[in-house]
Amino acid sequence: MRIDVVSIFPEYLAALDLSLIGKARRENVLDLNVHDLRDYTHDRHRTVDDTPYGGGAGMVMKPEPWAAALGRIAVESPVDKTGGNKPILIVPSPAGAVFTQEMAYELAEAPHLAFACGRYEGIDERVIEFAAESFDVRPVSIGDYVLNGGEVAVLAMVEAIGRLIPGVVGNPESLVEESHSDGLLEYPVYTKPASWEGHEVPEVLLSGNHGKIARFRRTKQLERTAVRRPDLIVQLDASKLNRHDRDALWHSGFAIVDGKVVAKEPVDPA
Ligand code: JDE
């Protein structure tokens, strides 16, 4: 896979030299290129921003350097455009669609991803229109909060996508369990020592009874999802819940009514 990242702070992306992603780059599994947007300016001050039309606080990123940088990346793209295929351009933005594990799986299949890191109040909207001529443009949010720039969002997305690329993850088995992704939070994990500072590892995990261990873990998943992410519980397919699951959910405040999982007390829809 090829990945291009455009930023006015390319040093921010230095973390991508480390760990699994860094190793994949050194082994040529991942061709990751970071570009300094200021290299695509032509004035002595290497200007990338200007005041907003219509007024308002702060500055907006100018279109010309973006057109030059993205134009070069599009021309260099390994994507075969003969079938109307385009490389994907991800634009981190608080106004984007939320990035999910499902999106990470989809993007991990792409031959070429580019990321445009905005700063200030954002990028001139015409850059998005222009880029759509050569890219499949995706404005994407990593959550409902505001960052100073897209760089940290790109680090998160490249890590989430990169670990799904064959040859990048250390242990492909750790992906298999996740891919059985059941819409629940993970169960708690423990390692040695069995007794530590007066805190004990749950005895069932030391029992060697694999049936009981699976049931214990599933119950913990249901319990912590009910407390931390009740929005996920009400999305569960009730027909996939067994008697033990239904009992665990009942004790965590949920019931099955007309084949749907519902809170016994009203749930905050957020
Ligand atoms: C990504 N969740 C949040 C921020 C921005 C006021 C201040 C800043 C492309 O335009 C952008 C990009 C970013 C950086 O990304 C995030 C983000 N997922 O903050 C702004 C907008 N208004 C604009």
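In this text, all values refer to a predicted model and were calculated from it rather than measured experimentally. Quick note: residue numbers are just sequence positions, from 1.
Checking S195 against E200 by side-chain atom types alone, a donor-acceptor pair falls below 3.5 Å.
Here the CZ-OG1 distance, from R38 to T47, works out to 7.5 Å after rounding to the nearest 0.5 Å. With rounding to the nearest 0.5 Å, the separation of CD in E64 from NE2 in H42 is 9.5 Å. Atom CD of E125 sits about 5.5 Å away from atom CD1 of I128, to the nearest 0.5 Å. Here the straight-line distance linking atom CG of L30 with atom CZ of R25 works out to 7.0 Å at 0.5 Å rounding. In this structure, I142 CD1 and T100 OG1 are separated by 13.0 Å, a value rounded to the nearest 0.5 Å. Summarising the geometry, atom CG belonging to D245 is positioned 9.0 Å from atom CG belonging to L236; distances are rounded to the nearest 0.5 Å.
Summarising the local packing, CD of E102 is surrounded by 12 or fewer heavy atoms from other residues, nucleotides or ligands at distances under 6.0 Å. Residue K23 places its NZ atom among 12 or fewer non-hydrogen atoms of other residues, nucleotides or ligands, all under 6.0 Å distant. Atom CG of D144 is surrounded by 12 or fewer heavy atoms from other residues, nucleotides or ligands within 6.0 Å. For CG of N148, the number of neighbouring non-hydrogen atoms (other residues, nucleotides, ligands) closer than 6.0 Å is 12 at most.
At a threshold of 4.5 Å between side-chain heavy atoms, the hydrophobic network of Ile, Leu, Val, Met, Phe, Trp and Tyr places Y12 and V154 in one connected group. Cluster annotation: V152 is connected to L37 through the hydrophobic network of ILVMFWY side chains, with a link wherever side-chain heavy atoms come within less than 4.5 Å. Cluster annotation: W66 and Y40 are assigned to distinct hydrophobic clusters (Ile/Leu/Val/Met/Phe/Trp/Tyr, side-chain heavy-atom contacts under 4.5 Å, transitive). Both M103 and V137 are part of a single hydrophobic cluster, where members link through side-chain heavy atoms under 4.5 Å apart. Clustering ILVMFWY residues whenever any of their side-chain heavy atoms sit less than 4.5 angstrom apart, transitively, puts M157 in the very cluster that holds V29.
Ion pairing of E151 with R119 is present here, as a side-chain N (NZ or NE/NH1/NH2) and a carboxylate O approach within less than 4.0 Å. Taking the charged nitrogens against the carboxylate oxygens, R126 and E129 have no contact shorter than 4.0 Å, which rules out a salt bridge. Using a 4.0 Å cut-off between a side-chain N of Lys or Arg and a carboxylate O of Asp or Glu, R138 and E106 qualify as a salt bridge. The residues D258 and K260 are annotated as not salt-bridged, no charged nitrogen and carboxylate oxygen being separated by less than 4.0 angstrom. The residues R163 and E159 are annotated as not salt-bridged, no charged nitrogen and carboxylate oxygen being separated by less than 4.0 angstrom. A salt bridge does not link R72 with D39: every distance from a Lys NZ or Arg NE/NH1/NH2 to an Asp or Glu carboxylate oxygen is 4.0 Å or more. For the pair K62 and D49, the salt-bridge criterion is not met [side-chain N within less than 4.0 Å of a carboxylate O]. Checked for salt-bridge contact, D231 and R229 meet the test: a charged N lies under 4.0 Å from a carboxylate O. Looking at R2 and E76, a side-chain N of the basic residue comes within less than 4.0 Å of a carboxylate O on the acidic one, giving a salt bridge. Salt bridge status for R218 with D182: present, with a side-chain N to carboxylate O gap under 4.0 Å.
A side chain to side chain donor-acceptor pair (under 3.5 Å) with T219 holds for exactly one of R215, R217, E223; it is R215.
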What verdict does the side-chain contact (heavy atoms from CB on, under 4.5 Å) test give for Y190 and L205, after you've listed the backbone C-alpha separation in whole Å, the side-chain angles of each residue and the deciding distance to 0.1 Å?
CA-CA 9 Å; Y190 303 87; L205 298 179; 3.4 Å; yes
Trace of the side-chain contact (heavy atoms from CB on, under 4.5 Å) decision for K264 with W250
CA-CA 8 Å; K264 288 193 272 177; W250 176 265; 3.4 Å; yes
For side-chain contact (heavy atoms from CB on, under 4.5 Å), just list the numbers for L249 and V261, CA-CA rounded to whole Å, side-chain angles, deciding distance to a tenth of an Å, and then say yes or no.
CA-CA 9 Å; L249 283 177; V261 186; 4.3 Å; yes
side-chain contact (heavy atoms from CB on, under 4.5 Å) evaluation trace for D4 with F115:
CA-CA 6 Å; D4 290 275; F115 292 87; over 6 Å; no
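A donor-acceptor pair under 3.5 Å is absent between the side-chain atoms of S77 and the main chain of P87, judged by distance alone.
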